[in-house]
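Worksheet: the structure to be examined is printed underneath.
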Amino acid sequence: MTATLHYKSNLRDVFFNLFEFQDVGRTTLGKGSFTSMDEATARDMLTNLEKFVSNEMAASFTESDRTPLSLDKDGNVKLPEGVKKSLKAWFDQEYDKLELPEHLGGYGAPPSVAWASFEMVVGANPVSAFYMFGTFISRVIDELGTPAQKKRFVANINEKRWGGTMQLSEPQAGSDVGEGRTKARQVKDDVYELTGTKCWITNGDYDATENIVHLVLARPEGAGPGTKGLSLFIVPKFWVNEDGSLGERNGIVCTNVEKKMGIKGSATCVMSLGENTPCKGLLVGNVHDGIRQMFKVIEQARMSIGVKSMSTLSTAYGNALAYAKDRVQGPDLTKIMEKTSPRVRIIQHPDVRRMLMSMKAHSEGMRALVMWNASLQDQIELKGGHGKAGELDKLNDLLLPLIKGYNSEKAYEQLHWGLQVFGGAGFTQDFPMEQYIRDQKIDTLYEGTTHIQALDLIFRKIVRDGGQTLQGLMAQVQKTIDEKEGGDALAPERTSLEKTLGQFQGILGVMLPRMQENLYHVGLHANRILYSLAETVIGWLLIRQAALALRKLPESKDAKDKAFYEGKVASARFFAREVLPNVALHKKVIEGGDLGLMELAEESF
């Protein structure tokens, strides 16, 4: 086992979530716009994809970390050859068509299947996965662009494998996007010239494609302040003529590539717009509605990051498990005083089992959360798309900050257990663990930090609709408790869940009145509220999955299936015993909270 072909998928759990727990073969596949895909096709596609990413994509994982990017005088970024080879293989096998609807020449996979495929791609090689963003950009332009803009870009992006980026951040406007100063001056109709500087732009330039289509937020002349004054523009690296042919080099240029802790092969760029050459862009849809339009991209990106964190933790668990089953070290703890006792594999040591089960339960819980939300997105699409599905829309929106915020934060915490299982070997580059940790840490930072996700959860997703969506979710959890799902075998776990649900409701009871007194109370404890809700929901999902596993066990003839279902029950029990009690601690801390920290003089820090 080395860091080279490092990726260890959990395809069995992916299939369990998709086809047993969410039952998308019955609820989604073959319906509406997903008529071209049935369960057998989806299983075959994902099985083949798993083999492909484990070899072709994972092959450049280490090279993307060890071979530096280079930037020439004209602003062109050169990628490691292995990364370019992986990307070429991806497009050659037409896996890019998985997420495309049929009317764009794609396979028409529903969101649940598309996110399952993304889990494997981003787990095998997050750097390469990010360079595939052009496919999604084509979908955004297809949805929001004018007919002329669609004709100009959509087919070109998909047929010619063009790249794509989203550009919000500026030196003075990171999380505070409304402070953006990039300007847009109208030239004619939907054509504008942009001037300014964007920074921290993922894959702002790279040499594996002939063109890159950037979606850029800028402030038109005369527009108001804040986010409402921003508009969204299509800004290609090379101008695209009205007939779709490539024109001259546009004035959007990479001037620096950041040196980073992780995902080093992903070009994080400083972009100069209109400095030496005019930078032309097209106003998306020829309407000034930039932040609402960009949120379609932001929400996709946030879900992507939550999936990336979950997948990184999952493959880290797979690697740690394989090492623990092979590494022999020390005697069994019960025979530690016997000098002649045989040495055992470290998976037989209690603390190693504890660390492994913590990783297993968390990664499976995160996957359950992701795939539940993905199945909701299936139903949203079947109802006509986001904005047309009522309560499902609101539930999807409520879950997104949990997926992004909780998965990214807790995956980073759990990854250190994976390295710990390896001992000193995990600290070396002989194994992938240290790269996993470095590559994953960014997930808590970009596309909105964990605290921004928590504030979004509280203010936009709970308070804004009077808590109705949250109450509906809590009612689903209560239903599992009331109906005694899982029977006597899961009675202790349901009791733990019932206590946790009450404690989370108690947190809200404390926080909502304090919110009226001073919003600093929210600022000090928002992260704890996000963690508490996420762990309540994940605990509920794992218990429901354990109940299904218990129903499946008597009919399981295959030894691997039997072990898998028993493992699902074990994950739920561990999470209920070891993780759900965290919510009680969060409640106690929040109840005892005050504003002393905010009143402390800066000089005392």
Side-chain angles (χ1 to χ4, degrees), residues 1 6-23 25 39 43-44 46-47 50-51 54 116 119-120 123 310-328 332-334 344-372 414 417-418 421-422 485-494 538-579:
M1 179 172 54
H6 70 100
Y7 180 59
K8 295 190 180 300
S9 75
N10 194 340
L11 190 62
R12 180 64 182 88
D13 197 43
V14 170
F15 282 178
F16 174 79
N17 275 271
L18 280 176
F19 305 119
E20 296 178 64
F21 188 61
Q22 298 302 339
D23 197 10
E39 182 173 327
R43 283 179 178 270
D44 286 346
L46 291 171
T47 299
E50 189 270 344
K51 294 174 183 176
S54 299
E119 172 190 336
M120 292 187 279
M310 173 268 288
S311 187
T312 302
L313 177 59
S314 183
T315 185
Y317 166 68
N319 277 269
L321 178 63
Y323 185 82
K325 288 181 176 180
D326 180 69
R327 174 69 167 166
V328 175
D332 185 281
L333 187 61
T334 61
V344 300
R345 294 169 302 126
I346 63 173
I347 196 171
Q348 294 174 243
H349 297 319
D351 191 53
V352 171
R353 288 193 162 217
R354 177 191 61 81
M355 292 187 287
L356 289 171
M357 184 52 72
S358 184
M359 296 176 74
K360 172 180 164 63
H362 277 87
S363 62
E364 289 179 6
M366 291 176 189
R367 181 178 293 110
L369 178 62
V370 165
M371 296 313 301
W372 178 42
Q414 290 293 312
W417 292 132
V421 169
F422 278 83
E485 193 168 351
D488 293 343
L490 294 178
E493 288 70 35
R494 287 195 310 275
I538 288 173
W540 167 61
L541 290 170
L542 286 177
I543 287 169
R544 290 187 61 217
Q545 291 194 346
L548 175 58
L550 286 169
R551 294 196 299 272
K552 294 274 189 174
L553 268 170
E555 61 193 53
S556 298
K557 306 299 182 185
D558 182 80
K560 288 184 178 180
D561 260 359
K562 186 172 183 292
F564 171 79
Y565 290 130
E566 289 174 344
K568 296 303 291 182
V569 176
S571 291
R573 286 180 170 153
F574 181 91
F575 202 89
R577 282 197 310 266
E578 302 276 340
V579 182

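In plain terms, the two heavy atoms of Ser54 and Tyr7 that are nearest each other are OG-CD2, 3.6 Å. Shortest non-hydrogen contact noted between Met359 and Ala320 is SD-CB, 4.5 Å. Scanning all heavy atoms of the two residues, the minimum distance from Glu39 to Gly25 falls at OE1-CA, 3.7 Å. Of all heavy-atom pairs between Phe575 and Ile538, the closest is CZ-CG2, 3.5 Å. Taking all atoms of both residues into account, the shortest heavy-atom contact from Ala368 to Asn17 is CA-OD1, 3.4 Å. Here the closest non-hydrogen pair linking Glu555 and Arg551 is OE1-O, 3.9 Å.
The shortest distance between side-chain heavy atoms of Trp540 and Trp372 falls below 4.5 Å. Looking only at side-chain heavy atoms (C-beta outward), Leu46 and Met120 come within less than 4.5 Å of each other.
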Show me the donor-acceptor pairs within less than 3.5 Å that the side chains of residues 486-494 make with the rest of the protein, sequence neighbours left out.
| from | atom 1 | to | atom 2 | distance (Å) |
| --- | --- | --- | --- | --- |
| Arg494 | NH1 | Glu485 | O | 2.9 |
| Arg494 | NH1 | Gly487 | O | 2.7 |
| Arg494 | NH2 | Gly487 | O | 3.2 |

*Residues Asp351, Arg354; criterion side chain to side chain contact (heavy atoms under 4.5 Å, CB included); working and verdict*: CA-CA 5 Å; Asp351 191 53; Arg354 177 191 61 81; 2.8 Å; yes
*Let me see the working for Ile347 and Leu321 under side chain to side chain contact (heavy atoms under 4.5 Å, CB included), right down to the final yes or no.*
CA-CA 8 Å; Ile347 196 171; Leu321 178 63; 3.8 Å; yes
_Chi angles and distances behind the side chain to side chain contact (heavy atoms under 4.5 Å, CB included) call for Phe564, Asp558_ = CA-CA 10 Å; Phe564 171 79; Asp558 182 80; over 6 Å; no
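For Arg327 (side chain) and Arg345 (main-chain N/O), no donor-acceptor pair under 3.5 Å exists by modelled atom type. With hydrogens and angles ignored, the 3.5 Å screen pairs no side-chain donor or acceptor of Asp332 with any backbone N or O of Gln348. Listed for the Ser314 side chain is no donor-acceptor partner under 3.5 Å among the backbone atoms of Met310. Thr315 places no side-chain N or O within donor-acceptor distance of the main-chain N or O of Thr312, the cut-off being under 3.5 Å.
The distance from atom CG of Leu333 to atom NE2 of His349, rounded to the nearest 0.5 Å, is 8.5 Å. If you take CD1 on Ile346 and CZ on Phe422, they are separated by 8.5 Å, rounding to the nearest 0.5 Å. Rounding to the nearest 0.5 angstrom, the gap separating the OG atom in Ser311 from the CE atom in Met366 is 11.5 Å. Atom NZ of Lys8 sits about 10.5 Å away from atom CD of Glu50, to the nearest 0.5 Å. A distance of 8.0 Å separates OG in Ser358 from CD in Glu578, rounded to the nearest 0.5 Å. Atom CG of residue Leu541 and atom CE of residue Met371 lie 12.0 Å apart, to the nearest 0.5 angstrom.
Note: Phe16 and Phe21 have parallel aromatic rings, judged against thresholds of 30 and 60 degrees for the angle between ring planes.
Each side-chain hydrogen bond (donor to acceptor under 3.5 Å, both in side chains) pair with one or both residues in residues 560-573, not counting sequence neighbours, appears once here: Arg12-Asp561, Arg12-Tyr565, Asp13-Lys568, Glu20-Tyr565, Glu364-Lys568, Glu364-Ser571, Gln545-Lys568, Lys562-Glu566.
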